[in-house]
Number of protein chains: 2
Amino acid sequence: MATINEVSALAKVSISTVSRVINNTAPVKESTRERVFDAMRQLGYQPNLFAQGLVTNRTRNISLVLTDLTSAYFAPLIKSLERSLRSARYNLTVSIENTTYDEMRDTFLSQVNRRSDAVILFPHCLSDDEIRSLREEGPPMVLLNRYLPELPGQCIQIDNALGSRFAVEHLIQQGHRHIACITGISNNPETTERLAGYRKSLKQHGIPYQTKLVVEGDFTVAGGYDAACRLLAGNKPCSAIFASNDQMAAGAMKALRENGKRVPGDISLVGFDDVEYAGLLSPSLTTVRQPVEEMGHKAAEIAIALSQGKTDLPALTPFTPTLVIRESVASVE
Amino acid sequence: MATINEVSALAKVSISTVSRVINNTAPVKESTRERVFDAMRQLGYQPNLFAQGLVTNRTRNISLVLTDLTSAYFAPLIKSLERSLRSARYNLTVSIENTTYDEMRDTFLSQVNRRSDAVILFPHCLSDDEIRSLREEGPPMVLLNRYLPELPGQCIQIDNALGSRFAVEHLIQQGHRHIACITGISNNPETTERLAGYRKSLKQHGIPYQTKLVVEGDFTVAGGYDAACRLLAGNKPCSAIFASNDQMAAGAMKALRENGKRVPGDISLVGFDDVEYAGLLSPSLTTVRQPVEEMGHKAAEIAIALSQGKTDLPALTPFTPTLVIRESVASVE
DNA sequence: TATTTAAATGAAAGCGCTTTCATAAAATGC
DNA sequence: GCATTTTATGAAAGCGCTTTCATTTAAATA
């Protein structure tokens with residue numbers, strides 16, 4: 001494992017010069033540069049990131065910190081993040097299961113703080129204030145699917161309400177009037193926004209909002225299953241269900257089938273997120289797609305900018321979801 | 001961001017002593033230790049990992065390096081790895097898409113080599129010799145789903161052949177005699193072993209092996225779909241299909257449905273892996289479960305041991321897969 | 001040609017730690 | 001009670017880099 005000293009010896013220059021050609025931080029005579037490059041190649045030299053980090057205080061590492069998120073959602077995210085970061089010669093470290101604020105804090109203190117130039121945080125089950133206090137303990141952060149007014153340039157989100165509206169509009173266009181909604185866990189911005197979109201669409205089409213058609217899920221398959229059962233048990237018939245995510249849609253689909261309801265024959269179903277397996281369900285699931293790839297790229301881009309000390313980034317506009325029409329919606333009459 | 005100097009000043013001891021209480025590396029008088037801890041607490045001190053790493057040459061970081069793997073498979077793996085590593089105060093960095101040997105090599109050189117105490121490598125699309133040459137460029141490695149005779153204590157695998165046999169036995173027990181097989185990509189140990197198990201089961205029950213009932217897939221959904229189509233197009237009827245992974249099973253299921261075959265009414269189907277969504281398909285997929293969790297834990301454990309310079313680890317026995325019976329297999333008279 | 005300016009390089013300090021080595025104080029053995 | 005071991009601590013070197021500062025060399029200007 002060659003060091004800068006060996007390179008400098010072989011190239012017959014000082015280590016300062018080697019450092020300069022590595023970092024391209026001051027003019028070096030062309031012939032010298034060549035010699036240094038040769039030496040580096042010969043020795044298979046790779047700078048020691050720890051030595052570099054120690055003096056520059058930069059790690060070239062970015063952390064992804066997640067709360068309790070389903071694999072189907074976070075995997076593509078990790079994938080796109082890592083791809084973007086790698087091309088910028090950054091590294092991605094992950095911390096997946098931080099279900100409570102305390103765990104989160106511990107992660108920040110022990111992992112993130114000292115070894116990352118920036119964090120990408122998916123604060124699903126955290127309150128805004130908890131995020132704020134985390135922010136004080138750690139490096140600059142970019143937030144996924146959460147908006148903090150003080151960080152307009154660092155919050156990456158989609159227009160959840162719009163997504164719901166796409167879903168519900170679609171159902172309405174297909175003739176549905178009795179549209180149920182399975183929401184996410186309460187006190188969560190995504191839940192609120194997606195529900196708001198649902199309500200808005202109904203209103204726009206003069207369809208009354210009925211509490212009995214809205215049941216609470218928790219973003220899990222089991223939660224969706226239960227919610228659908230409760231819906232069927234209540235005596236408010238509906239011809240369509242909008243589930244606030246695909247997990248719950250999958251659970252609901254199962255519940256419906258088990259209760260002898262055909263999808264979409266008896267009840268149409270729309271999800272949200274377009275996870276990997278949405279197209280594999282049967283019927284394949286009509287859903288609202290989050291552009292996870294693009295969001296990952298953007299997150300990486302901003303994280304890198306932050307890591308370079310850039311601040312006052314331009315405010316971000318939410319990403320626009322799209323409706324992916326598959327087989328789980330039928331038209332009525 | 002307090003340093004060891006500030007702690008030592010506040011506690012009125014030398015930095016050597018502080019270091020000793022941090023690392024518990026030499027006896028320190030109880031009262032002194034207390035003072036140091038107090039000072040650390042007061043200052044919110046966290047040791048600088050880069051400074052530590054620079055002198056100890058240990059990073060407390062472990063890299064997971066993957067080839068082209070589907071999200072459904074790698075997500076739970078990442079999850080279990082990260083969980084194990086975190087409890088040992090290690091860090092996980094990931095590098096997901098290394099499809100060629102050259103990319104892999106680049107990853108090793110630029111990322112893994114200088115910043116990881118160990119690598120966990122999933123060498124799906126790499127040859128044994130390519131792995132060997134990677135081994136020379138990087139830190140100690142643990143291999144997932146691959147066996148290298150020179151690393152008996154560092155290869156974590158399942159008994160693929162046994163898994164296939166569970167699957168095929170099950171089909172045979174249900175009365176099936178014409179059992180097709182969709183294999184993975186060729187020249188891959190997993191493909192070979194799983195196919196071998198299939199053949200062995202047939203043989204044990206005196207069922208002739210028929211080339212026409214074996215079609216090649218590539219471990220993807222699309223590959224499974226195509227394979228199933230080819231199977232149906234060939235004029236060799238079968239009552240059951242064993243797909244070498246769940247992705248392909250999902251693809252096959254779709255193909256069967258589109259061709260008017262009911263699953264399991266007309267054709268039974270068994271997969272392999274038990275990915276997250278296997279139970280969500282309809283019919284839910286009977287499949288062979290890999291204990292990914294346990295494998296992740298084991299991988300983490302070995303990686304940590306390696307990072308501590310341990311060598312000559314005891315040879316590992318393959319994990320045993322289990323059959324998960326769901327709805328995609330019917331019995332024939 | 002003499003002088004100023006820019007380019008090219010090296011010496012040395014220092015980033016925050018661990019780890020020898022040396023030394024002082026306390027505990028042990030005879 | 002003195003020599004010896006053990007315990008407790010500090011001073012200082014050094015890990016591999018970057019970066020300031022000083023110095024030399026080459027180019028540009030008058």
Side-chain angles (χ1 to χ4, degrees), chain A residues 1-40 43-61 89 109-110 113-117 307-309, chain B residues 1-40 43-61 89 109-110 113-117 307-309:
Chain A
M1 207 121 299
T3 73
I4 200 174
N5 278 295
E6 302 174 42
V7 174
S8 80
L10 186 57
K12 301 200 196 308
V13 293
S14 70
I15 61 166
S16 325
T17 301
V18 177
S19 173
R20 284 190 267 261
V21 351
I22 294 170
N23 301 296
N24 204 11
T25 178
V28 173
K29 210 208 292 182
E30 194 48 37
S31 61
T32 320
R33 180 191 308 279
E34 292 293 318
R35 282 215 315 286
V36 172
F37 272 131
D38 273 359
M40 298 204 303
L43 298 168
Y45 172 75
Q46 296 276 120
N48 181 318
L49 295 165
F50 286 74
Q52 286 185 315
L54 185 56
V55 13
T56 59
N57 259 316
R58 291 196 46 207
T59 66
R60 290 199 89 78
N61 186 279
R89 312 237 108 199
L109 253 28
S110 66
N113 209 5
R114 287 285 181 160
R115 68 191 327 158
S116 303
D117 291 337
S307 86
Q308 294 167 342
Chain B
M1 208 122 297
T3 72
I4 199 173
N5 278 294
E6 301 172 43
V7 175
S8 81
L10 186 58
K12 300 201 197 310
V13 292
S14 71
I15 61 166
S16 328
T17 301
V18 178
S19 173
R20 285 190 266 261
V21 350
I22 294 171
N23 301 295
N24 203 12
T25 178
V28 172
K29 209 208 292 181
E30 195 46 37
S31 61
T32 322
R33 181 190 307 280
E34 292 293 320
R35 282 216 314 285
V36 172
F37 273 132
D38 273 359
M40 299 204 304
L43 298 167
Y45 171 75
Q46 296 276 119
N48 182 319
L49 296 166
F50 287 74
Q52 286 184 316
L54 186 55
V55 10
T56 58
N57 259 318
R58 289 196 47 207
T59 66
R60 291 197 91 77
N61 185 279
R89 310 237 108 198
L109 254 29
S110 66
N113 208 5
R114 290 284 184 158
R115 67 190 328 158
S116 302
D117 290 339
S307 87
Q308 293 166 343

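In the text below, chain A, chain B and the rest are named by the order of the sequence lines, each starting its count at 1.
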(message) Nearest 0.5 Å, please: how far is CG in B:Asn5 from CG in B:Leu10?
(response) 12.5 Å

(request) Write down the atom of A:Thr59, the atom of B:Phe50, and the distance for their closest heavy-atom approach. (result) CG2-CZ, 3.3 Å

(message) I need the A:Leu49 CG to B:Asn61 CG distance, nearest 0.5 Å.
(response) 11.0 Å

(request) Choose from C:dA8, D:dA8, D:dT9 the nucleotide whose nearest atom is closest to any side-chain atom of A:Lys29. (result) C:dA8

(message) Side chains of B:Met40 and B:Val36, heavy atoms from C-beta outward: is any pair under 4.5 Å?
(response) yes

(message) Less than 4.0 angstrom between a side-chain N/O of A:Thr17 and OP1 or OP2 of C:dT9, yes or no?
(response) no

(request) Return each pair, listed once, that meets side-chain hydrogen bond (donor to acceptor under 3.5 Å, both in side chains) where at least one residue sits in residues 23-33 of chain B; pairs must be two or more places apart or across chains. (result) B:Ser19-B:Asn23

(request) Could you run through nucleotides 13-21 of chain C and give me one letter per nucleotide, 5' to 3': B if any protein heavy atom sits under 4.0 Å from the base, S if only the sugar-phosphate is that close, - if neither? (result) --BBBBB--

